[in-house]
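Notes to accompany the following structure.
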Amino acid sequence: MLEKKYQVGLSDMKVHRVKTKALESIRGDFVAQYSCLRDYLQEVHTRNPNTTVKLQVQSEPCYASESKVFERVYICLGPLKSGFAAGKRDLLGLDGSFMKGPYHGMILTAVGLDGNHCIYPLAYVVVEAENFNSWTWFFNNLGDDLGLYANSNFTFISDRQKGLFPALEKLFPAVDHRYCLRHLHESMKRKSRGKEFKDCLWNCATCTTIPQFNSAMEELKKLNIEAYDWLNSIPLKHWYRSHFSGRVHCYALLNNMCESLNNKTVKGRDKPIISCLEFIREWELTGIPCKHSITAIWDMRLNNENVGIPETWVHPIYWLKTWKEMYVFKVEPINGRFLWEKSTCPTKLIPPKYRVPIGRPKKREEDLQLNMMECPQNGNL
């Protein structure tokens, strides 16, 4: 019996040693991928012309240092940039999500919608944290790619992330900034819970006329005066349809485009930096006549009036031709790591300082190892 227990214990020790060595080897790739990140960015730019890549390193007191510490990276693929312009819809959702590997940070994304209301990723960055400085850096680069200025007409929708609003106000004060209604509801739940309050909030936000809106707000006031005062303190232009400018031809009240992208990329957020970036790289008010307009057009047609083809009554955003033009630009695959042209930069790029998270790990060690083992090894992506 003792001998059997000894053999089992010895077997467990061997398994533990093998797992430890495997984990050390895999974690080593987290560091190695930072050292060839410049090569990767150069390859992405070469394979996809008109792509914008920006790499920022931490400032150091010693400029003669042979190594530089990674801080941020921005990527806007050329084909997606051209496709977004061809789509004619100046609307982008903004969001941030946490990196889950040993080197923590945030992924910030800008995601659009095509004419069929499907998500269209445009640009993404990996930054050290979600704050005013990182959002400002993101918006500066995004503004350069889209040709945005302080007086530009554009529309953003967000969950009001930390630092986002002041950065947007500073760089693009003239843009429309919509607040995601789901986020507003989550905030309102602290004061008022239940389906009745949710329905009342939705009724207020979807009104297209001021009398309708006032009536819906009175219903909310009857339910809870505190919730009414809180919602009334938020400028109407950020969440109420009748106060939207209409220039973007979209009724969107939810930041679903970013949520959809985040759900698709969640498995890439605990991988090394290049693997994470590669994981992301696979990816009138509305401009549509209302039922009353369609009825009027049909009546005109029955009375032998020339109403033209249906497309003449619909904004070009929704034309099949526009949709095809948006997707004619293809994101080209890149070569394996051994075929990347080496960067001529004389300094070596190293990862940021590793910070051990406080508290109990949210993920079991076995799951973390399995996820890490999915990372590309030995240079082939």
Side-chain angles (χ1 to χ4, degrees), residues 41 44-45 47-55 72-97 106-127 130 134-149 152-159 161 164 167-168 171-172 175-178 180 247-250 252 254-266 268-269 276-283 316-318 322-334:
L41 297 177
V44 170
H45 185 270
R47 297 290 293 169
N48 293 276
N50 196 32
T51 291
T52 302
V53 291
K54 298 286 184 67
L55 177 65
R72 301 166 178 167
V73 61
Y74 167 91
I75 299 177
C76 182
L77 296 171
L80 297 182
K81 193 191 310 183
S82 301
F84 181 78
K88 306 180 188 301
R89 173 172 273 172
D90 294 337
L91 169 72
L92 283 175
L94 304 167
D95 200 8
S97 54
M106 295 290 296
I107 300 173
L108 308 182
T109 54
V111 184
L113 289 175
D114 65 16
N116 199 35
H117 296 289
C118 294
I119 66 172
Y120 194 89
L122 177 62
Y124 48 97
V125 299
V126 175
V127 295
E130 190 176 35
S134 59
W135 278 113
T136 299
W137 188 74
F138 186 19
F139 289 147
N140 269 320
N141 292 321
L142 189 63
D144 290 342
D145 279 328
L146 299 181
L148 296 181
Y149 304 95
S152 293
N153 294 331
F154 204 85
T155 301
F156 291 101
I157 183 169
S158 78
D159 295 345
Q161 289 85 353
L164 185 152
L168 208 56
L171 296 178
F172 311 121
V175 301
D176 289 340
H177 183 195
R178 300 181 186 179
C180 177
R247 61 196 180 203
V248 75
H249 305 287
C250 183
L254 302 174
N255 197 15
N256 284 344
M257 59 277 264
C258 287
E259 296 297 331
S260 299
L261 182 64
N262 287 342
N263 290 335
K264 294 296 183 182
T265 60
V266 65
R269 286 189 254 142
C276 176
L277 295 174
E278 272 295 279
F279 200 96
I280 299 173
R281 196 178 67 89
E282 305 300 358
W283 260 103
I317 286 174
Y318 302 104
T322 303
W323 184 86
K324 288 181 177 180
E325 289 176 352
M326 195 172 185
Y327 288 96
V328 75
F329 305 96
K330 297 180 176 61
V331 177
E332 297 296 335
I334 68 172

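A quick note: this is a predicted structure, and the numbers were derived from the prediction, not measured. In this chain, residues are counted from 1 in sequence order.
- Between Leu122 and Val111 the shortest side-chain heavy-atom distance does not fall below 4.5 Å.
- When every heavy atom of Ser152 is checked against every heavy atom of Gly147, the shortest pair comes out as OG-O, 4.0 Å.
- Side-chain N or O atoms of Thr51 include one that pairs as donor or acceptor with a backbone N or O of Gly78 at under 3.5 Å.
- Minimum interatomic distance between Trp135 and Ala167 (heavy atoms only, all atoms of both residues): CB-CB, 3.9 Å.
- For the side chain to side chain donor-acceptor pair (under 3.5 Å) test, residues two or more places apart in sequence or in another chain that qualify with His177 are Ser158.
- In this structure, Asn48 and Pro79 approach most closely via the heavy-atom pair OD1-CG, 3.6 Å.
- When side chains are defined from C-beta on, Ile334 counts as touching Glu278, because their heavy atoms get closer than 4.5 Å.
- Considering every non-hydrogen atom in both Asp90 and Asn153, the closest pair reads OD2-O, 4.1 Å.
- The shortest side-chain heavy-atom distance between Val125 and Ile75 does not fall under the 4.5 Å cut-off.
- Closest of all the heavy-atom pairs between Ile157 and Cys180 is CG1-N, 4.2 Å.
- Within the model, atoms CG of Leu108 and CG of Leu94 stand 9.0 Å from one another, a figure rounded to the nearest 0.5 Å.
- With a 4.5 Å cut-off on side-chain heavy atoms, Val175 and Phe156 count as touching.
- Residues satisfying the side chain to side chain donor-acceptor pair (under 3.5 Å) criterion with Glu130, sequence neighbours excluded, are absent altogether.
- A distance of 10.5 Å separates CG in Leu171 from CG in Leu142, rounded to the nearest 0.5 Å.
- The shortest distance between side-chain heavy atoms of Leu146 and Phe154 falls below 4.5 Å.
- When ring centroids are compared, Phe329 and Tyr327 stay outside the 6.0 Å threshold.
- Side chains of Val73 and Val53 form no contact here, defined as non-hydrogen atoms less than 4.5 Å apart.
- Rounding to the nearest 0.5 angstrom, the gap separating the CZ atom in Arg178 from the OG1 atom in Thr155 is 5.5 Å.
- Interatomic distance, CE of Met106 versus CG of Asp95, reported as 8.0 Å (0.5 Å rounding).
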Is there a side chain to side chain contact (heavy atoms under 4.5 Å, CB included) between Arg72 and Val126? Walk through the geometry before answering.
CA-CA 6 Å; Arg72 301 166 178 167; Val126 175; over 6 Å; no
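- For the atom pair CG of Leu113 and CD1 of Ile119, the computed distance is 8.5 Å after rounding to the nearest 0.5 Å.
- Contact check for Asn141 versus Cys76: no side-chain heavy atoms found under the 4.5 Å cut-off.
- Of all heavy-atom pairs spanning Phe84 and Leu92, the tightest one is CE1-CD2, 3.7 Å.
- Of the possible donor and acceptor atoms, one in the side chain of Arg89 sits under 3.5 Å from a partner among the backbone N and O of Asp114.
- Among residues two or more places apart in sequence or in another chain, the salt bridge (Lys or Arg N to Asp or Glu O under 4.0 Å) test is passed with Arg269 by none.
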Set out, in order, the CA-CA distance, both residues' side-chain angles and the distance that settles side chain to side chain contact (heavy atoms under 4.5 Å, CB included) for Phe139 and Leu164, then state yes or no.
CA-CA 9 Å; Phe139 289 147; Leu164 185 152; 4.1 Å; yes
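- Two residues are said to be in side-chain contact when any heavy atoms from C-beta on lie closer than 4.5 Å; Val331 and Leu80 meet this criterion.
- No hydrogens or angles considered: a donor-acceptor pair under 3.5 Å links the side chains of Tyr74 and Asp145.
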